[in-house]
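The structure under discussion appears below in the form of structure tokens.
Every chain is numbered from 1, with letters handed out A, B, ... down the list of sequences.
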Amino acid sequence: MSGSRDEGERPTVLLVEDSPADAELAVIAIRQARPEVAVEVVNSGEAALRYLYHDGEHADAPTPDLMLLDFNLPGRSGVEVLELVKSDEALRAIPVVMFSNSNAGSDVASAYRHHANAYLLKPMEYADIKESLTALLAFWLDWVCSPAADRVGPAV
Amino acid sequence: MADPGDEHAGRTGPDANRPLPGTDGTGSRLGGLADWGKTTWIVGLALALTGLGWWYAQQAVESATAERFHAESFRLQGMITQRMRGQETVLWGGVAMMNGSEHVSREEWATYVASLGLMERWPGVAGFGWATPTDPSDVVERAGADEAPGPERLEATVTFLEPGNEQNERAIGADLAADPSLREALGRARDTGRTVASAIVESGAGGPEDQRWFALVAPVYERSVDLDDVDDRRAALLGWVYTSLGLDNLTGQRAARQAGPIDIELYHGDEAGPATLLYDHDPSMPATAGDRLTRQITVGGPEQAWTMAFRAGPGFATTADALPTVVGVAGLLITGLLLFVVGSYRWFHGRATELVATRTAELEASNDELGRRSELLQAQTIELQRSNDELRQFARVVSHDLQAPLRTMASYSSLVTSTYQDRLEGDGQRWLAYISSAAKRQSGLIRDLLQFMSLDRLNGEPDRVDLNDVMDAIARDLSSLFVAESAGLTVERLPVVAGDAGQLQRLIGNLVHNAVRHRRPGVPAQVVVGAAPIPTDDDGGGPGTGSAGDDATWRIHVRDNGPGIDPELRERVFEVFHQPDPASSTGTGMGLAICRKIVRAHGGEIGVVPTADGGSEFWFTLPTAPAPAGGDAGAGDGAGGGDGDRGDDGPVDGGGSESEAGTRGRTRSRRPTVPVGVVAEEQR
């Protein structure tokens with residue numbers, strides 16, 4: 001499934017989530033579904049931007065292959081982070097999937113207005129969480145083409 | 001007049017210092033003063049004109065009266081003078097008679113007097129007589145001596161006196177000179193040789209006894225004697241011819257009648273005074289000297305002068321003389337009228353001004369009130385907006401922050417359950433399931449509450465919503481439920497309505513969901529969704545024609561074969577948190593309340609009626625979408641074709657097929673029954 005990537009290089013998912021419980025749940029689900037995926041967890045919008053711009057401790061951090069962005073963040077909100085990412089030429093190609101506790105119409109519209117790649121309501125059941133994440137990773141990591149040279153499409 | 005400035009003083013607000021156009025208080029105050037000035041001017045002018053008119057009229061009348069008086073007095077003067085001259089002439093006639101013969105008998109004298117027609121022609125003449133000095137030799141006076149002792153010795157015996165009536169007969173033989181006035185006149189006549197009028201005789205012989213009188217006396221001398229001086233005359237004196245004139249009717253009836261209201265006074269000599277008064281026509285008339293309508297003239301020579309005085313009495317003024325009074329009264333009346341008119345005008349004007357000021361003040365007050373209310377409304381609107389923003393913020397916080405812990409509870413419960421499945425007892429697993437379901441239930445409750453709160457009105461303008469498409473989405477969403485409950489769904493042809501697609505999907509979805517869940521125990525639910533236009537007055541199409549006019553309303557129903565609803569509860573099922581059967585329910589109790597809110601937000605009504613077989617029919621009304629240019633306001637044409645392949649897979653239950661078979665003949669494009677079970681299986 002990850003044949004298109006260089007050998008030994010693991011696909012990286014950046015998880016932006018302020019709730020430790022939600023973050024851990026997502027990490028557990030991803031580990032169970034795709035053990036080879038590296039999950040980087042940051043707990044705020046500012047931290048996410050520092051990571052993306054290789055600031056400080058993240059100097060050597062790899063550019064994520066997928067961003068899981070909580071809609072509701074303290075400080076810089078999820079939509080603000082989304083807006084910054086999508087307005088940056090270098091980061092624009094990173095797929096950003098918004099996760100939210102609310103499916104209120106205005107929230108969803110706001111996310112897509114700022115070019116979110118997808119908007120998901122956080123499931124209540126662990127099984128659903130695991131299922132949605134599995135499908136999500138499979139789609140974005142395995143099937144979707146990226147402009148990066150080493151990501152040219154599904155390895156079939 | 002009320003001061004408009006005071007009205008303005010109480011005003012508040014931004015416009016307080018700016019009077020309304022045309023109601024400037026200072027202006028009207030100055031106008032009022034000017035009006036008073038004008039009034040004074042008008043009245044003053046009217047009074048001045050009245051005075052002037054009165055003065056002119058007075059002048060005219062006075063001058064006319066004066067002219068009339070003068071003319072009258074001259075006429076009277078002429079009359080009297082002529083009369084006096086006539087008397088004199090008559091007297092000289094007597095003198096001539098005495099001179100003409102040696103001896104004049106009493107008969108001859110009587111004949112002469114009778115021939116004069118004295119009484120007829122000379123009214124007032126009481127007698128015409130001849131008096132002779134008793135002893136002419138005694139009457140010798142020194143020249144320059146005082147007259148007083150002279151007349152003492154003078155005697156004039158009345159010899160003849162005609163006409164021969166009783167009183168004249170008695171006077172014959174009497175001494176004329178016994179009276180001082182007569183004595184003086186007799187003496188003067190003797191000494192001057194002229195005719196002399198005596199002063200008034202109060203009571204003396206030789207004249208009328210019943211009245212005051214005077215005498216005209218003329219001397220008769222011996223002929224052929226030189227009468228060069230007083231002594232010659234005294235010596236030559238033969239006697240006196242005299243007439244006695246009664247003062248009561250000196251001027252005669254004719255003169256008196258013609259004099260009218262003019263008083264005539266005749267004085268003896270050239271001085272007018274009580275002592276010399278001979279005749280007073282109207283003694284009651286006051287002798288006011290200096291009156292304009294008075295005239296006094298002295299006629300006659302130095303020997304014998306007459307003074308006549310004429311005085312107009314109060315009756316002299318004629319009716320024409322009332323002109324100044326008429327002018328003055330009329331002028332005053334007109335002035336008063338003018339004052340009244342001006343006053344009335346001023347009063348009405350004042351009233352009107354007051355009224356305008358009052359109305360203006362009222363209008364301003366009401367404007368202010370309106371302004372205040374408008375401000376209040378604005379403030380309230382702002383407050384409401386702020387409150388709405390807060391509510392939105394609150395809703396956001398609730399939806400995100402209250403949901404998060406619940407989701408954590410639910411997801412971790414399920415994580416524990418799945419991770420430690422083999423280590424948990426049956427109780428442990430069940431208890432974790434309780435936690436999970438409670439968290440999920442509350443989460444749903446929060447979601448429904450938020451939605452309920454946000455449904456008060458439509459978000460923006462209503463869209464054209466094809467309910468057939470909406471039903472497709474609902475059928476897809478609820479497919480697993482239909483499968484789980486072995487339920488059947490029949491969808492008849494649905495209209496295109498005006499509204500919000502998302503809300504309408506939730507509305508119908510809720511009703512369908514309820515219809516499936518609230519079923520009779522052991523009896524699979526059979527749900528029918530259909531619509532019919534409600535005919536209106538201007539709508540020719542009846543039910544079943546599948547189309548309605550632009551203004552038409554659609555009645556959409558969701559019918560089930562469930563246990564039905566207790567009649568008492570039919571209205572209450574739409575209330576918030578109403579749960580008909582709490583034990584068996586898994587819902588939040590807000591479904592129908594949300595439905596009602598959505599329908600009302602669309603301007604429709606919702607209700608529930610029992611069906612023939614004991615089930616329930618939930619119905620609601622929606623307005624028809626306005627037809628687009630050339631479009632079909634009825635059912636969506638694409639619905640049948642698009643869903644046809646799914647329909648071909650076959651119905652799930654027989655009930656739906658029956659319904660479909662029963663209606664297919666009537667409406668060609670009627671939607672087929674949605675085979676939810678098959679779709680659901682495909683999705684799996």
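Summarising the local packing, CD of B:Glu390 is surrounded by more than 12 heavy atoms from other residues, nucleotides or ligands at distances under 6.0 Å. Around the NE2 atom of A:His115, the shell of radius 6.0 Å holds no more than 12 heavy atoms that belong to other residues, nucleotides or ligands. Enclosure of atom CZ in A:Arg92 by more than 12 non-hydrogen atoms of other residues, nucleotides or ligands within 6.0 angstrom is indicated. Counted within 6.0 Å of CD on B:Gln429, heavy atoms from surrounding residues, nucleotides or ligands total more than 12; the atom is thus considered enclosed.
Contact annotation for A:Ile129: only side-chain heavy atoms (C-beta onward) come within less than 4.5 Å of a heavy atom of chain B. Interface remark: A:Asp128 contributes no atoms to any contact with chain B (heavy atom separation under 4.5 Å). Within the 4.5 angstrom heavy-atom criterion, no atom of A:Ser106 approaches chain B.
Interatomic distance, A:Gln32 CD to B:Thr419 OG1, rounded to the nearest 0.5 Å: 6.0 Å. Rounding to the nearest 0.5 Å places OG of A:Ser102 at 11.5 Å from CG of B:Leu402. One finds the CD atom of B:Gln403 at 11.0 Å from the NZ atom of A:Lys122 (value rounded to the nearest 0.5 Å). Atoms CG and CD, from B:Leu415 and A:Glu24 in turn, are 8.5 Å apart once rounded to the nearest 0.5 Å.
Just one residue in the list B:Ser443, B:Ser414, B:Ser411 forms a side-chain contact (heavy atoms from CB on, under 4.5 Å) with A:Met124, and that residue is B:Ser443.
When every heavy atom of A:Asp22 is checked against every heavy atom of B:Tyr412, the shortest pair comes out as N-OH, 4.5 Å.
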